[in-house]
Amino acid sequence: MPDNTLPLYQHWPRLAESIPYEPIATLPTPVRKLEGLSRDTGTELYIKDDSHTGPLYGGNKVRKLGFLLPAAKLAGAKTVLTFGAAGSNHATATAIYAKEMGLNAVSMLVPQPVAHSVRRNLLRSHEAGASLNHFNGLNQVALGTAWQFAALRAKEGAFPHVIPTGGSSPTGILGFVNAALELKAQVDAGEIPMPDVVYVASGTMGTAVGLALGAQLARMPWRVQAVRVTVERFTNMQRGRKLFEATNAMLQACDSSIPTVHFPDDFEVRHDFLGEQYALYTPEAVEAMRRIHEAEGIKLEGTYTGKALACLLADVQAGKLAGKRVVFWNTYNGVDISTAIDHTDYHMLPAAFHRYFEEPVQPLDQ
Ligand SMILES: *Cc1c(COP(=O)(O)O)cnc(C)c1O
């Protein structure tokens with residue numbers, strides 16, 4: 001059922017007629033000033049905290065899945081199939097909430113550096129009943145996907161519904177168009193002043209693009225600072241512009257009163273905080289994690305949010321944020337999943353995943 005309290009539907013009620021939404025996310029998420037870190041840095045810093053977007057698992061993917069999973073249901077799917085790295089938060093969130101909605105989940109995963117969070121996510125996905133598949137490279141993923149299509153067609157009478165990596169299709173991005181409108185409502189209500197810039201980690205860009213599109217549509221002045229944490233193929237200006245325009249077009253197709261807006265000139269992708277590779281922690285990220293934990297008691301991680309905060313803190317240091325109001329968008333799950341995986345042993349996973357439990361975690365995650 002469409003949830004008419006969503007800011008997206010409040011702005012454009014006609015969208016509720018054609019775009020299904022399932023309120024799996026607990027919204028709005030809190031926003032507040034980071035008092036300690038603001039004092040330490042001499043800059044007005046705020047947090048938009050998506051760590052508890054859902055009761056079973058939080059983080060940014062839950063907002064996207066609120067649109068993606070009902071779209072899969074509407075299409076008549078029994079199974080959703082998605083992609084990611086072995087420790088993908090997106091794949092885990094998809095497995096958990098697909099199950100809640102009566103859908104099967106298939107995860108097509110590729111290698112990544114070992115971390116504690118990779119182990120937890122794999123166990124949690126298994127616990128949710130997802131089919132976990134490991135591939136060494138994209139050619140193998142393509143072959144494996146073709147095989148899954150044939151096998152599921154034979155078994156269930158239908159092809160699986162594909163959700164792209166990170167959930168960053170126009171449908172998924174609606175979750176962050178809505179999030180931008182949600183932040184606007186919080187600013188309008190006086191919870192925080194209007195921000196000048198929003199810092200966010202960027203993997204497949206859906207989060208950053210949705211925030212930029214929502215801001216343009218609602219005439220919000222904030223600039224989106226996307227901090228790239230993965231290969232450039234997934235996060236670059238051209239891809240950002242394409243996703244922005246495709247999502248704008250999809251909204252217009254559903255409600256012709258929605259204007260065409262332009263990909264903002266001041267949207268910026270930062271490439272200098274990735275470090276050596278995706279999911280390999282950097283000393284700067286670990287230091288940023290330490291600082292926010294010490295000042296605010298907030299726990300981040302080294303793959304996404306630590307790197308994004310490291311960029312923000314470096315920009316403070318360089319004097320780039322003097323006099324600015326800065327929002328740090330926390331995209332990381334903060335729900336403790338340890339009890340859910342208490343009784344799951346990694347030997348129950350397909351053998352290809354055992355190495356994530358048998359090899360040591362990367363040095364900066366110890
Ligand atoms: C997936 C993810 C991101 C990146 O979101 P995109 O929309 O793919 O850019 C950022 N932070 C965390 C913790 C994530 O899991």
Side-chain angles (χ1 to χ4, degrees), residues 31-51 59-60 85 87-89 112-118 166 195-205 207-208 211-212 222-232 234-237 240 266-322 324-334 361-366:
V31 64
R32 66 179 174 86
K33 187 165 187 190
L34 292 168
E35 298 285 354
L37 210 55
S38 294
R39 219 175 305 119
D40 293 352
T41 57
T43 308
E44 254 186 81
L45 304 179
Y46 301 85
I47 188 167
K48 177 67 170 155
D49 191 0
D50 275 1
S51 61
N60 63 338
S88 167
N89 299 320
Q112 74 160 90
V114 183
H116 293 291
S117 63
V118 177
D196 298 300
V197 52
V198 176
Y199 276 71
V200 65
S202 183
T204 56
M205 285 198 101
T207 304
L211 293 176
W222 67 67
R223 182 171 79 74
V224 175
Q225 178 67 77
V227 182
R228 176 163 75 87
V229 301
T230 185
V231 289
E232 199 164 355
F234 280 121
T235 288
N236 61 70
M237 291 293 277
D266 58 6
F267 186 100
E268 196 183 23
V269 176
R270 287 289 282 281
H271 300 280
D272 41 352
F273 288 84
L274 165 67
E276 273 175 59
Q277 66 170 99
Y278 171 75
L280 201 58
Y281 299 7
T282 61
E284 294 78 15
V286 172
E287 170 61 11
M289 287 157 64
R290 188 195 63 74
R291 281 185 70 182
I292 196 168
H293 189 248
E294 214 167 270
E296 306 285 346
I298 293 168
K299 273 195 188 165
L300 302 181
E301 43 65 65
T303 299
Y304 296 94
T305 46
K307 289 178 180 177
L309 184 64
C311 178
L312 187 164
L313 292 174
D315 287 354
V316 165
Q317 191 67 35
K320 287 189 194 172
L321 297 174
K324 303 271 191 229
R325 294 183 176 126
V326 184
V327 166
F328 174 72
W329 204 292
N330 182 13
T331 47
Y332 180 49
N333 166 52
V361 296
Q362 57 185 295
L364 289 177
D365 190 34
Q366 276 160 8

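Quick note: numbers below take in every heavy atom, side chains included, and nothing from hydrogens, waters or symmetry partners.
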Task: Between CG on residue Leu312 and CG on residue Leu37, distance to nearest 0.5 Å - done: 8.0 Å
Task: Donor + acceptor pair across side chains of Asn60, Tyr304 (<3.5 Å) - done: no
Task: salt bridge (Lys or Arg N to Asp or Glu O under 4.0 Å) evaluation trace for Arg291 with Glu294 - done: CA-CA 5 Å; Arg291 281 185 70 182; Glu294 214 167 270; over 6 Å; no
- [ ] Would you check, one step at a time, whether the test side-chain contact (heavy atoms from CB on, under 4.5 Å) holds for Val269 with Met205?
- [x] CA-CA 10 Å; Val269 176; Met205 285 198 101; 3.9 Å; yes
Task: Minimum heavy-atom distance Ala226-Ala208, with the two atoms named - done: CB-CB, 3.9 Å
Open item on the list: Using 0.5 Å steps for rounding, measure from the CD atom of Gln225 to the OH atom of Tyr199.
Closed with: 4.5 Å
Open item on the list: To the nearest 0.5 Å, what is the distance between OG on Ser202 and NE2 on His271?
Closed with: 9.5 Å
Open item on the list: Can you give me the closest heavy-atom contact between Ala295 and Asp40, atom names plus distance?
Closed with: CB-OD2, 3.8 Å
Task: Spatial distance of atom CG (Leu211) from atom CZ (Phe267) [nearest 0.5 Å] - done: 9.0 Å
Task: Euclidean distance, Asn330 CG relative to Ile298 CD1, rounded to 0.5 Å - done: 7.0 Å
Task: Sidechain-backbone polar pair: Gln362 side chain, Leu364 backbone, donor-acceptor under 3.5 Å - done: no
Open item on the list: Salt bridge or not between Asp196 and Lys324? Use side-chain N to carboxylate O under 4.0 Å.
Closed with: no
Task: Separation between CD of Glu44 and CZ of Arg325, rounded to the nearest 0.5 Å - done: 5.0 Å
Open item on the list: I'd like to check Thr305 versus Ile292 (side-chain heavy atoms, cut-off strictly below 4.5 Å). Are they in contact?
Closed with: no
- [ ] Heavy atoms only: give me the nearest Arg270-Asp272 pair and the separation to one decimal.
- [x] NE-OD1, 3.3 Å
Open item on the list: Testing the basics here: between Ala310 and Glu284, what is the closest heavy-atom pair and its distance to 0.1 Å?
Closed with: CB-O, 3.6 Å
- [ ] Would you check, one step at a time, whether the test side-chain contact (heavy atoms from CB on, under 4.5 Å) holds for Val361 with Gln366?
- [x] CA-CA 7 Å; Val361 296; Gln366 276 160 8; 3.5 Å; yes
- [ ] Look only at the side chain of Ser51 and the backbone of Tyr332, and say whether a donor-acceptor pair between them is shorter than 3.5 Å.
- [x] no
